[in-house]
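Note that this is a predicted model, so its numbers are computed, not measured. Lettering of chains follows the sequences in order, A, B, ..., and the numbering in each one begins at 1.
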Amino acid sequence: MSDNNLQDMFTEYLEKESVFQNKDLLTTKHQPDDILHRDDQISELASILAPALKGNDPSNLFIYGTVGTGKTLCVNHVCDELREAVKQSPTNLKIIYLNCKMKKVADTEYRLSAQLARELGEEVPSTGLPTDEVYDRFFQALEDQEDVVIIVLDEIDALVKKIGDSFLYNLTRINDDLEKTKVSIVGISNDLNFTDYMDSRVKSSLSEEEIIFPPYNALELKNILRQRTDEAFTDGVLEEGVISKCAALAASEHGDARRALDLIRVAGELAERSDEPEVSMEYVDAAQDKIEKDRLKETVRSQPKQSKLLLYTIFDEHQANGGKMVTGDIYANYKEYADQAGMKTLTQRRISDLISELDMLGIINAKVRSKGRYGRTREISVDLSDGSVEDIQSMLGEAFYL
DNA sequence: AGTCCACAGGAAGGGCAGGCGA
DNA sequence: TCGCCTGCCCTTCCTGTGGACT
């Protein structure tokens, strides 16, 4: 395409009426002033954290709820209000928010201590120091804060599953050793049963208070979508029923508001790309399909090389024979492909772990099955649509020149 | 009831890259 | 530069397991 053609394309794009007025309102980054259907949770949260304003340590708090139920949104909202309110009081209040699922930020004990210390203004290298030393620096930084520190640990379930609960144990006991500062922990978890993994002492001191965020129903999702789309979309571009459909689809998937917003945003983007003046129902279906495929492709793309090759092997076998596969067969095929691709062959033990990881990511299904005399193995199956499998297979095939 | 299969999966440790302080 | 520390990926060694078969 010549430069002139490109310029024409951009000019045309600029002149075109957009279906969006303000697309940012449909992203999770947007913090609405008025949070719908969460009044009870917000006032409970506020009353639990309010003692911080008078320099007392609030009870530790545990918040549960599935993805997209507004936990993080409400906590951030209340924290913002607290920060605002504390300006009128002599208390020194520091609120730290950390997402424990963020890779390379808070997924190990070292990184978590280091990040917390950094949030308190302490300089800590990303590696190189003994973990105890980092913890000491964090402790000292806390002591220097004085008054109250609230530590919000989002996706705390991911942290405990990865590194265990010993760090949390120390954190919940830290008030016994601090003289000038009081610390309160707010844990946010997507997994309602995750405290089963924890030591009972940690469990009881961490969940002095608990708040549960139930999933939104279709009606509530509809209200939330309406609130956001009113300003996000140009007047009248949404076909009748589009909002209801997005709400219904998201409600059937654990009442996830994030999903509902994604659906309507992607539907808008697809309509705009096809030069349609209106976002019709068919774009919601297309959006549903696109989100699923994109999520899958992105997950696969971020896997290490060996996992990709293993996945290639599994998909290849799935396309050739369909049905269920077992670890032994997959491993034999994997070795051949590793040879062809000129890659190192991992041991079966390692491949077994990689199969578990792919299963956890939802890319494949792997169930342990005992076949009596014929041994115990994992039965592996692929539930994805043929289109998705072909897409990913060709993407991986190109990467390995297979 | 005992055997045996084909692994699952826990534990321990090796090797590597990256980073720090002396 | 060297010694030390970390996280990460991997191997080796090992015990455990559910149910078909004998």
Side-chain angles (χ1 to χ4, degrees), chain A residues 98-119 121-141 153 155 158-168 170 196-199 299-314 317-318 321 323-339 341-381 399-400:
Chain A
L98 260 194
N99 188 324
C100 304
K101 217 176 179 176
M102 290 253 286
K103 278 212 159 183
K104 315 260 182 199
V105 174
D107 55 350
T108 65
E109 192 167 348
Y110 182 100
R111 286 177 180 157
L112 186 62
S113 310
Q115 190 58 31
L116 287 170
R118 276 187 215 116
E119 294 281 343
E122 190 76 16
E123 290 218 357
V124 184
S126 57
T127 167
L129 295 178
T131 311
D132 290 352
E133 163 76 18
V134 180
Y135 184 80
D136 285 348
R137 288 200 197 179
F138 162 57
F139 183 88
Q140 196 49 53
L153 297 174
E155 312 221 32
L159 177 77
V160 173
K161 280 176 199 162
K162 185 122 195 269
I163 65 168
D165 58 4
S166 58
F167 185 82
L168 283 179
N170 291 338
D196 297 350
Y197 301 99
M198 288 193 323
D199 184 300
T299 317
V300 171
R301 203 168 285 143
S302 64
Q303 292 307 301
K305 225 173 165 186
Q306 291 284 0
S307 287
K308 284 182 184 161
L309 184 66
L310 172 63
L311 196 60
Y312 180 87
T313 311
I314 293 171
E317 180 67 20
H318 169 74
N321 301 319
K324 306 242 192 272
M325 302 155 262
V326 296
T327 307
D329 296 345
I330 292 297
Y331 184 65
N333 292 351
Y334 155 82
K335 282 201 288 194
E336 282 182 23
Y337 282 125
D339 262 2
M343 285 167 61
K344 195 183 140 195
T345 314
L346 301 181
T347 55
Q348 185 157 337
R349 176 71 189 84
R350 181 67 191 137
I351 290 298
S352 172
D353 277 347
L354 294 182
I355 289 175
S356 294
E357 282 171 27
L358 291 175
D359 178 38
M360 288 226 297
L361 289 167
I363 304 174
I364 60 171
N365 289 315
K367 279 207 181 70
V368 178
R369 267 283 305 273
S370 193
K371 297 197 280 184
R373 171 127 215 152
Y374 305 102
R376 214 166 87 101
T377 181
R378 272 211 201 85
E379 265 185 4
I380 300 161
S381 59
F400 293 117

Between atom [atom1] in [X] and atom [atom2] in [N], what is the gap in whole Å?
X	N	atom1	atom2	result
A:K344	B:dG15	NZ	P	12 Å
A:I330	B:dA8	CD1	P	12 Å
A:L112	C:dT6	CG	C1'	15 Å
A:D136	C:dC5	CG	C1'	15 Å
A:L346	B:dG15	CG	C1'	15 Å
A:Q306	C:dC8	CD	C1'	15 Å
A:E379	C:dT17	CD	P	20 Å
A:K305	C:dC9	NZ	C1'	15 Å

Please tell me which of the listed nucleotides, B:dA8, C:dT11, B:dG9, lies nearest to the side chain of A:T377?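 Between B:dA8, C:dT11, B:dG9, the one nearest the side chain of A:T377 would be B:dA8.
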Listed pairs, N/O of protein and of nucleotides 18-20 of chain C, under 3.5 Å:
unit_1, atom_1, unit_2, atom_2, d
C:dG18, O4', A:S370, OG, 3.4
C:dG18, N2, A:G372, O, 3.0
C:dG18, N3, A:S370, OG, 2.7
C:dG19, N2, A:G372, O, 3.0
C:dA20, O4', A:R373, N, 3.1

What does the inter-axis angle of the helix from B:dA1-C:dT22 to B:dA22-C:dT1 come out as, five pairs per end, nearest 10 degrees?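 Comparing the first five pairs with the last five, the axes sit 20° apart.
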Show the numbers, then the answer: is there a side chain to side chain contact (heavy atoms under 4.5 Å, CB included) between A:R349 and A:D353? CA-CA 7 Å; A:R349 176 71 189 84; A:D353 277 347; 3.0 Å; yes
Under 3.5 Å: donor-acceptor pair, side chain of [X], backbone of [Y]:
X	Y	result
A:E336	A:A332	no
A:K308	A:R301	yes
A:N333	A:T313	no

Take A:M343 and A:K305, measure what side chain to side chain contact (heavy atoms under 4.5 Å, CB included) needs, and give me the verdict at the end. CA-CA 9 Å; A:M343 285 167 61; A:K305 225 173 165 186; 4.2 Å; yes
Check whether the ring centres of A:Y337 and A:Y312 lie less than 6.0 Å apart, and answer yes or no.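 Ring centres of A:Y312 and A:Y337 closer than 6.0 Å.
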Pair [X], [Y]: side-chain N/O donor-acceptor within cut-off below 3.5 Å:
X	Y	answer
A:S113	A:R137	no
A:R118	A:Q115	yes
A:Q140	A:D136	no

For DNA chain B, find the residues of residues 347-355 of chain A with a heavy-atom distance under 4.0 Å and give them by number; none if there aren't any.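 By residue number: A:Q348, A:R349, A:S352.
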As a quick check of understanding, evaluate side chain to side chain contact (heavy atoms under 4.5 Å, CB included) for A:F138 and A:E119, giving each step before the final call. CA-CA 9 Å; A:F138 162 57; A:E119 294 281 343; over 6 Å; no
Establish, with yes or no, whether the OP1 or OP2 oxygen of B:dC7 is under 4.0 angstrom from a side-chain nitrogen or oxygen of A:R369.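 Looking at the OP1 and OP2 atoms of B:dC7, neither is under 4.0 Å from any side-chain N or O of A:R369.
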Need one value for A:S307: base, sugar-phosphate or nothing, where a base atom within 4.0 Å counts as base even if backbone is also close, heavy atoms only.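 Nothing, no heavy atom under 4.0 Å.
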In terms of side-chain geometry, is the basic nitrogen of A:E379 or A:R369 positioned less than 4.0 Å from the acidic oxygen of its partner?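 A salt bridge links A:E379 with A:R369.
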